[in-house]
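So the structure is just underneath, and the comments pick up after that.
Counting starts at 1 for both ligands and their atoms, in listed order.
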Amino acid sequence: MSGPEVGRFANYIGGRWVGARDGAVMESVNPATGEVLGVVPKSGPMDAHDAIEAAAKAYPAWRKLPAPRRAEILFRVAERLVGQKEDLARLMTQEMGKVLPETRGDVQEAIDMTYFIAGEGRRLHGYTAPSEMPNKAAYCVRAPLGVVGVITPWNFPMAIPSWKIVPALVCGNTVVFKPASYTPLVALRFVQIFEEAGLPPGVLNIVTGPGSAAGDALVEHPHVRVISFTGSTETGLQLAEKCARLGKRLSLEMGGKNAAIVMPDADVGLAADALIWSAFGTSGQRCTACSRIIVHQAAKPELTERLVERARRLRLGDGLRPETEVGPVVSDSQLDRVQRYVEIGRQEGARLLVGGERAREGALARGYFYAPTIFDRVRPEMRIAQEEIFGPVTDLIEAGSFDEAVTFLNDSRYGLSASIFTRDINAAMRAIENIDTGIVYVNHGTIGAEVHLPFGGTKETGNGHREGGLQVLDAFSEWKSVYIDYSGKLQRAQIDRD
Ligand code: NDP
């Protein structure tokens, strides 16, 4: 087998599985148990440069392969993902903690995205247009850009890479992938599937290692024409400065502080069920997690009671166990961050209704578990209502009217996902129009995107690019306009027309 060995894993560069040049390694650890799952290369700039060179070398042949042929390989990737779904989901649960139904969903999203975008291999439509001149044809086509650098977070370790790698490849680019340091094993398995599906050497390469070393080298290297990044706003804005200086194309998906509005006419039971999963699914570590619940004062007593009762009953544990509803957070430092914000919330005068501490009973003491936490009496301007905590913490913010609720919702530097619970169609339509986020749900939590619709956010969540939908192709291709003059004489557009 050409793939990585069990226990000790390698980078995939130019069709070969290789260690870091200096032999440095780092561990992948199960956040539910502390068990070391594998050892992977701790790659530095030299390894990233090797991968970039391999991608640059593979580019001319890959871009010339007709897009429908490129897509055939991607369809084979999708089929292999289907066949290995359960194994991949189990590995993902072990590596980053979310429960099996969620990791199955993560792999399924990669499957959906791969089938959807592979289908574009037979489309990649441009368009024809009438020319201003007689005997002249005019049309435009999508062209690839070259080597794409893909930098991803750990919370969707297969879905997010698939949103970037598959469209980049179908457009004819080659890729160097730098996954999050918490989830290298899932990323390596994902890349191995492309190898098994027959992707030519060098077309997709992976280097595992710290963002500040391997990731930064991708951003700085002149041969990398595009950086596609998903992660924190802090890192994303640093990358934006660098890419602007280097004149490099950059697609950014960053933080969120997503909110749901619950109106008095809502089905409050439905809202509570949906919001429990929006707030505490993936232990609150989704970019679309609901961390602000803006509730009309008339609905507040009932909603609060239901949420607290449900949150208290959530079963924490190892995500591989069927009874577990909420897994650990990803790391010790993430646990500290959550705890810090809980202290900030207390100091700001918010009232803790449930949770607010690390969960340590029995086997939980071995992992990074945090009790699902709900704050009441939160004001929109408080730090816990403004800053992304990225953990199992949500806030109740009371509003006196629909307009006030929408104002509170929009009072955020972020703009990814939002929802409204109401039975009033007029209120729903006004919310859709006035909420300033990239995604809006009605009578549904803030989570659950579908791959064939554009995904992304406004304000400091993104920089205008979208992943998912056909819009994702714009991040990985550029337009070439073509004019063919078959008049047999010199036609001078401006002069002849004047
Ligand atoms: P980070 O920004 O810490 O890391 C994201 C990726 O960037 C990782 O691969 C990381 O490597 C790498 N990186 C870090 N520093 C640099 C650097 N200087 N140069 C190049 N690469 C670098 O985010 P997290 O992994 O902690 O992910 C959580 C964040 O992601 C949250 O803010 C969340 O909202 C956001 N997110 C946004 C989504 C969206 O679609 N809007 C979707 C999912 C998550 P390493 O792991 O080695 O540090």
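Which parts of ligand 1 touch L239 is read off a 4.0 Å heavy-atom cut-off, strictly below it: atoms 19 (N), 20 (C). Against a heavy-atom cut-off of under 4.0 Å, G209 is close to the following atoms of ligand 1: 47 (O). Short contacts between ligand 1 and N155, defined as distances under 4.0 Å to a heavy atom of the residue, involve ligand atoms 43 (C), 44 (C). The ligand atoms of ligand 1 that sit less than 4.0 angstrom from a heavy atom of I160 are 42 (C), 43 (C). Proximity to P210 (heavy-atom distance under 4.0 Å) selects the following atoms of ligand 1: 47 (O). For ligand 1, the atoms sitting less than 4.0 Å from at least one non-hydrogen atom of D216 are 19 (N), 20 (C), numbered in the order shown with element in parentheses.
In this structure, of T235, T288, I439, the residue bringing a heavy atom nearest to atom 14 (C) of ligand 1 is T235. The option from S232, S417, C287 that lies nearest to atom 36 (N) of ligand 1, judged by heavy atoms, is C287.
In terms of modelled atom types and a separation under 3.5 Å, the side chain of S331 and the main chain of Q334 share a donor-acceptor contact. For E120 (side chain) and V170 (main-chain N/O), no donor-acceptor pair under 3.5 Å exists by modelled atom type.
The protein non-hydrogen atom at the shortest distance from atom 12 (C) of ligand 1 is I151 CG2, 3.6 Å. For atom 41 (N) of ligand 1, the nearest protein heavy atom (residue, atom name, distance) is M254 O, 2.7 Å. The shortest contact between atom 8 (C) of ligand 1 and any protein heavy atom is with T152 O, 3.3 Å. Closest to atom 13 (N) of ligand 1, if we only count protein heavy atoms, is G211 CA, 3.5 Å. Looking only at heavy atoms of the protein, atom 10 (C) of ligand 1 is closest to K178 NZ, 3.9 Å. Summary of contacts: the protein heavy atom closest to atom 27 (O) of ligand 1 is P153 CB, 3.3 Å. Protein heavy atom closest to atom 24 (P) of ligand 1, with residue, atom name and distance, is W154 NE1, 3.5 Å. Of the protein's heavy atoms, G231 O, 3.1 Å lies nearest to atom 35 (C) of ligand 1.
Taking 4.0 Å as the cut-off between side-chain N and carboxylate O, K98 and D106 count as a salt-bridged pair. Salt bridge absent: R337 and E388 never bring a charged side-chain N and a carboxylate O closer than 4.0 Å. One finds no salt bridge joining R340 and E343 here, because no Lys/Arg side-chain nitrogen approaches an Asp/Glu carboxylate oxygen to under 4.0 Å. Note on K257 versus E387: no salt bridge recorded, every NZ/NE/NH1/NH2 to OD/OE distance being 4.0 Å or above. A salt bridge is absent between K164 and E253; no separation between the charged side-chain nitrogens and carboxylate oxygens falls under 4.0 Å. Taking the charged nitrogens against the carboxylate oxygens, K248 and E220 have no contact shorter than 4.0 Å, which rules out a salt bridge.
Contact annotation: L218 has no heavy atom less than 4.0 Å from any atom of ligand 1. Between F229 and ligand 1 there is a heavy-atom distance shorter than 4.0 Å. Not a single heavy atom of V330 sits less than 4.0 Å from an atom of ligand 1. Within the structure, the closest approach of G462 to ligand 1 does not fall below 4.0 Å when heavy atoms are considered. Within the structure, ligand 1 has P179 among the residues with a heavy atom less than 4.0 angstrom away. Not a single heavy atom of G457 sits under 4.0 Å from any atom of ligand 1.
With W163 as reference, F455 is the one residue of F116, F229, F455 to meet the ring-ring contact (aromatic ring centres under 6.0 Å, His included) rule.
Only side-chain heavy atoms of E388 come within less than 4.0 Å of ligand 1; its backbone N, CA, C and O stay farther off. Here F156 has no heavy atoms under 4.0 Å from ligand 1, in either its backbone or its side chain. Under 4.0 angstrom from ligand 1, the non-hydrogen atoms of T230 come from both its backbone and its side chain. The proximity of F390 to ligand 1, defined as any non-hydrogen pair under 4.0 Å, is limited to the side chain.
Within 6.0 Å of atom CZ in R346, more than 12 heavy atoms from other residues, nucleotides or ligands are found, so the atom counts as buried in its surroundings. In H223, the NE2 atom is not crowded: 12 or fewer heavy atoms of neighbouring residues, nucleotides or ligands sit closer than 6.0 Å. Heavy-atom neighbours of E381 CD from other residues, nucleotides or ligands within 6.0 Å: above the threshold of 12.
Taking the six-membered ring where the residue is Trp, Y441 and H444 present parallel rings, their angle staying beneath 30° rather than reaching 60°. Ring geometry for Y12 versus W17: interplanar angle of 30 to 60°, hence tilted.
One side chain, N11 or S43, offers a donor N or O that lies under 3.5 Å from an acceptor on the other. A donor and an acceptor atom, one from each side chain of T103 and T93, are located under 3.5 Å apart.
Note: an N/O pair closer than 3.5 Å links S181 and ligand 1 by distance alone.
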